[in-house]
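Okay, structure first, notes after.
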There are 2 protein chains.
Amino acid sequence: MGAADIEVPVFQRIKDYLLAQIQAGHWKEGDAIPSEQELARQFGVSRMTVNRAVRELTADQILTRVQGSGTYVAQHKYQSTLVAIKSIAEEVRGRGHRHRSELHLLERAKASEIMAAPFGVKPGYALFHSVIVHFENEVPIQVEDRWVNPAVAPDYMEQDFSSMTPNEYLMAAAPLQGVQYSIEALPAPRDIAAMLQMQPKDACLVLKRRTLSQGQAATVVTMWHPGSRYQFAGSF
Amino acid sequence: MGAADIEVPVFQRIKDYLLAQIQAGHWKEGDAIPSEQELARQFGVSRMTVNRAVRELTADQILTRVQGSGTYVAQHKYQSTLVAIKSIAEEVRGRGHRHRSELHLLERAKASEIMAAPFGVKPGYALFHSVIVHFENEVPIQVEDRWVNPAVAPDYMEQDFSSMTPNEYLMAAAPLQGVQYSIEALPAPRDIAAMLQMQPKDACLVLKRRTLSQGQAATVVTMWHPGSRYQFAGSF
DNA sequence: TAGTGGTCTAGACCACAGC
DNA sequence: CTGTGGTCTAGACCACTAT
């Protein structure tokens, strides 16, 4: 399959290049990266284009800039994982309980307008889509509705999700750069309610998460939990 | 040229202008804002400068753009950072909105069996108890049901909670040693529903928090939020 | 002083939406 | 078709850092 003529903007290619260098360890924390002039020359583009790439990575805390001095790889900041990236299987087993999952759907689908936005692609762009129900001691505790960017995990469809959760697979397949999440309380839609063995409109605890990898959205997942028998907890 | 003049970059002045228009209510959610051409003409600058201002606000989810169509004010979601030791008043004001609170109850009460446990005291022990409703732009977004240990904050009852939230007072009065929290989705009880102007049994996002100070439980608080118009969010 | 980043210009071509 | 945003150029002047 020939690479589709996806037009990747130059500034994005420069961002990808810089991220790749950092990811590969060629540039370590605190190291200076090439100047705008130098990058402009390397890529054969104008300085403004390089400037945009570097400025955006600076806004993302990947780089830091010092006027008159140079651009440096930022110190990696460790942050407490309130709502961990941890796999639910691991969590259930950690409680000494049995974890099991049921695959309800696994498909190639086109991005709707709603899904196109978080991925930063156009509607119609091909995405992978899976729906899995997780059980703790045979009680359903989570519906995992996941969309995956094929550019980041091209062989997502070939995985055996009974032996490895999508989360575990993706963590291994794509280096994680960032996470955005939100937690909401929503009434259960009919289909979700059925899978979780609860009444429609009963309260669900919903965790939405968008993870970034290689400078683009890797996966967007919505996790539905029955409000009556699930909670997030932690301490610090 | 006054050397003392503060140099504010043009793109920043344009961002400030756009934010001011939105905050002042001149442009509401979903409204189209002037085109880049138009703004460039208004400010007497080049389109690239306007482009940067608008692009950065789009990255911040303040605006949304549609190629070929225009730029629009994004739908606003009330959300809160999960590392929510922060005062809700501060957070609301940080969004440029008005915060107001109503004190529904302020009493000395004896610990029930349920409340005695988290405080590590015996039932009947005297505790302070307050119930406050918080509003963002006159929309109720939180019922704060708080129990306070008099040993840690003896003058809790004498505070004016219209000028300072309990959280702000306690943060100042008692050094924080630790926090435990849980997040749940629960149906709204009648009284909570009334205060939040929602229907009983509709989904609430509930944050329970227990803070430790001076080696003992300082405060136990249950915060109820309407599921339909509130969420916790964050990134790392 | 030489090199860096910070900002800005006045054009340009393109893809796309809406009429 | 016109008008919109998306991108890019090849310069420019400035403030700042390091030598």
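Order of the sequence lines fixes the chain letters, A, B, ..., with proteins taken first and strands second; residue numbering starts at 1 for each chain.
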| message | Under a 3.5 Å threshold, yes or no: a donor from one side chain and an acceptor from the other, between A:Y156 and A:T219? | response | no

Comparing nearest nucleotides in DNA chain D, the 5'-proximal residue of the pair B:Q37, A:R52 is B:Q37

Overall bend of the helix from C:dT1-D:dA18 to C:dG18-D:dC1 (five pairs an end, 10° steps) is 0°

Counting only side-chain nitrogens and oxygens, does B:R65 get under 4.0 Å of the OP1 or OP2 atom of D:dG6?
yes

Subject >> Step-by-step side chain to side chain contact (heavy atoms under 4.5 Å, CB included) determination, B:L63 to B:I22 >> reply: CA-CA 10 Å; B:L63 300 173; B:I22 294 169; 4.0 Å; yes

Here the distance between atom P of C:dT7 and atom CD1 of B:I14, to the nearest Å, is 13 Å

Any N/O pairs under 3.5 Å between the protein and nucleotides 11-13 of chain D? List them or say none.
residue	atom	partner	partner atom	Å
D:dA12	N6	A:R47	NH1	3.3

Between A:L205 and B:L205, does a side chain to side chain contact (heavy atoms under 4.5 Å, CB included) hold up when you go through it step by step? CA-CA 8 Å; A:L205 188 60; B:L205 188 60; 3.7 Å; yes

Separation of C:dT7 atom C1' from B:K15 atom NZ, nearest Å, is 14 Å

Please check if the number of heavy atoms outside B:R100 that lie under 6.0 Å from its CZ is greater than 12. yes

Rounded to whole Å, the CZ-C1' distance (B:F11 to C:dG5) equals 13 Å

### Message
It should be established whether A:T49 places a side-chain nitrogen or oxygen under 4.0 Å from OP1 or OP2 of nucleotide D:dT9.
### Response
yes

Would you tabulate the pairs of protein nitrogen or oxygen atoms and nucleotide nitrogen or oxygen atoms of nucleotides 17-19 of chain C closer than 3.5 angstrom?
residue	atom	partner	partner atom	Å
C:dA17	O4'	B:G68	O	3.3

Subject >> Polar side-chain atom of B:R229 near backbone of B:P140 as donor-acceptor pair, under 3.5 Å >> reply: yes

(request) Report yes if the side chains of A:V45 and A:I14 come closer than 4.5 Å at any heavy-atom pair, otherwise no. (result) yes

Side chain to side chain donor-acceptor pair (under 3.5 Å) filter on A:Q21, not counting sequence neighbours, yields A:H26

When rounded to whole Å, the CZ to P distance for the pair B:R41 and D:dT4 reads 11 Å

note: A:Y72, atom OH; D:dC16, atom C1'; distance rounded to Å ~ 12 Å

request  = Please indicate whether A:K201 has more than 12 foreign heavy atoms, meaning atoms of other residues, nucleotides or ligands, lying under 6.0 Å from its NZ.
outcome  = no

With a 4.0 Å limit, can you tell me whether A:S35 has a side-chain N or O closer than that to the phosphate oxygens OP1/OP2 of C:dT4? yes

Picking from D:dT9, C:dC8, C:dG6, the nucleotide nearest the side-chain atoms of A:V45 would be D:dT9

Sorted by chain and residue number, the side chain to side chain donor-acceptor pair (under 3.5 Å) partners of A:Q142 (sequence neighbours excluded) come out as A:H225

inquiry  = Do B:H134 and B:E136 pair up side chain to side chain, a donor and an acceptor below 3.5 Å, judged on atom types alone?
reply    = no

Notebook entry, point to check: Quick one: does B:R13's side chain have a donor or acceptor within less than 3.5 Å of a partner on B:V8's backbone?
Noted result: yes

Side chain to side chain donor-acceptor pair (under 3.5 Å) filter on B:E36, not counting sequence neighbours, yields B:R47, B:N51, B:R65

From CZ of A:R55 across to P of D:dT7 the rounded distance in Å is 12 Å

Separation of D:dT9 atom C1' from B:N51 atom CG, nearest Å, is 14 Å

B:E36 atom CD is separated from C:dC14 atom P, nearest whole Å, by 18 Å

